[in-house]
Amino acid sequence: MDETDRRDGRSQDEGPQGGAGKVDGSTWDCLANWTQAERDYWFMGPFDGGMPGMVRRIRRILDVSQRGLAAILGVSQSVVARWETGRTSPRVSVVERLLRLARLRVTVHDEEGQDVGPMRADGARTQGGSRYPAHVDLRATGWAIPRRLRAMTSVEAFSWRDRSRRMGDPAVRYRLSPYWKRIERQLYGTPDDHPALHQLVAEVRYLDERREVRCRRPAA
């Protein structure tokens with residue numbers, strides 16, 4: 001068997017799929033090195049080029065060579081070549097830069113064809129400034145009061161509550177238990193995202209207004 005009839009341990013009799021599933025044409029190096037069976041399979045295309053094909057598409061949009069794209073990105077030409085042959089893939093940050101250069105935008109869809117976007121960047125954060133866990137549902141239950149004072153009706157507790165009201169600092173709660181989280185979602189629905197801080201503040205102010213209305217309502 002000639003060396004040209006071998007490719008990655010496959011013989012020409014095995015065909016382009018090599019008995020192991022569909023061949024990813026984007027990983028082939030050079031047409032001159034293909035077997036006749038691989039050429040026949042390739043010309044049955046077109047096939048989805050995946051990330052290697054997308055890099056080539058962006059190069060075509062920008063009308064630059066591999067060396068030219070490498071100069072724009074500050075990498076070597078061999079790095080771009082490896083992207084286009086599927087040996088490696090560009091990092092997400094590099095992909096985002098490539099899309100911006102080509103004035104392209106990626107959209108994500110679910111199985112029903114609905115657009116799926118990222119979680120909002122201005123979602124509410126903890127007192128320490130970190131984000132809440134992405135899989136939990138946030139609920140504002142009142143104004144923030146230290147844990148040691150929550151069960152008390154002291155002057156200090158009321159002072160903390162008034163201070164939080166002035167500063168717009170709501171008390172945010174969430175469930176980690178799958179059982180209780182499922183119960184709350186049955187009662188209140190499943191929110192699409194974490195609310196922003198101003199939305200939580202508005203929710204607590206609404207709860208205050210309802211509480212005041214109930215207090216002013218005359219007893220029957």
Would you mind listing every side-chain hydrogen bond (donor to acceptor under 3.5 Å, both in side chains) that reaches into [range], with sequence neighbours excluded?
| range | result |
| --- | --- |
| residues 124-136 | Thr126-Ser130, Gln127-Asp169 |
| residues 49-69 | Arg59-Glu84, Gln66-Gln77, Gln66-Glu84 |
| residues 186-201 | Arg120-Gln199 |

How far apart are the closest heavy atoms of [X] and [Y], and which atoms are they?
| X | Y | answer |
| --- | --- | --- |
| Ala157 | Ile145 | O-CD1, 4.1 Å |
| Leu207 | Ala140 | CD1-O, 3.8 Å |
| Gly142 | Val204 | O-CG2, 3.5 Å |
| Pro170 | Gly168 | CD-O, 3.3 Å |

> Salt bridge between Arg139 and Glu184, side-chain N to carboxylate O under 4.0 Å?
Replying inline: yes

> Is the shortest side-chain N to carboxylate O distance from Arg185 to Asp137 below 4.0 Å?
Replying inline: yes

> Is there a side-chain hydrogen bond (donor to acceptor under 3.5 Å, both in side chains) between Ser177 and Arg175 once you walk through the steps?
Replying inline: CA-CA 6 Å; Ser177 166; Arg175 299 282 190 179; over 6 Å; no

Would you indicate whether the side-chain heavy atoms of [Y] and [X] approach each other to under 4.5 Å?
| X | Y | result |
| --- | --- | --- |
| Leu138 | Pro195 | yes |
| Arg148 | Glu156 | yes |
| Pro133 | Val136 | yes |

> Any cation-pi pair here, Arg161 with Trp143, using under 6.0 Å and within 45°?
Replying inline: no

Who passes side-chain contact (heavy atoms from CB on, under 4.5 Å) against [X], sequence neighbours left out?
| X | result |
| --- | --- |
| Leu73 | Leu69, Val75, Trp83, Val94, Arg97, Leu98, Leu101 |
| Thr141 | Ala171, Arg173 |
| Ser89 | none |

If you measure from [atom1] on [X] to [atom2] on [Y], what distance do you get to the nearest 0.5 Å?
| X | Y | atom1 | atom2 | answer |
| --- | --- | --- | --- | --- |
| Ser76 | Arg82 | OG | CZ | 6.0 Å |
| Asp115 | Glu112 | CG | CD | 12.5 Å |
| Arg163 | Trp160 | CZ | CH2 | 4.5 Å |

Single-linkage hydrophobic cluster, 4.5 Å side-chain cutoff, [X] and [Y] together:
| X | Y | result |
| --- | --- | --- |
| Leu197 | Tyr206 | no |
| Leu104 | Val55 | yes |
| Met54 | Ile72 | yes |
| Leu62 | Leu99 | yes |
| Ile58 | Val106 | yes |

>> Among Arg211, Arg210, Arg205, which residue satisfies the salt bridge (charged side-chain N to carboxylate O under 4.0 Å, His left out) criterion with Asp208?
In response: Arg211

> For Ala144, does its backbone N or O pair with a side-chain atom of Ser164 as donor and acceptor, under 3.5 Å?
Replying inline: yes

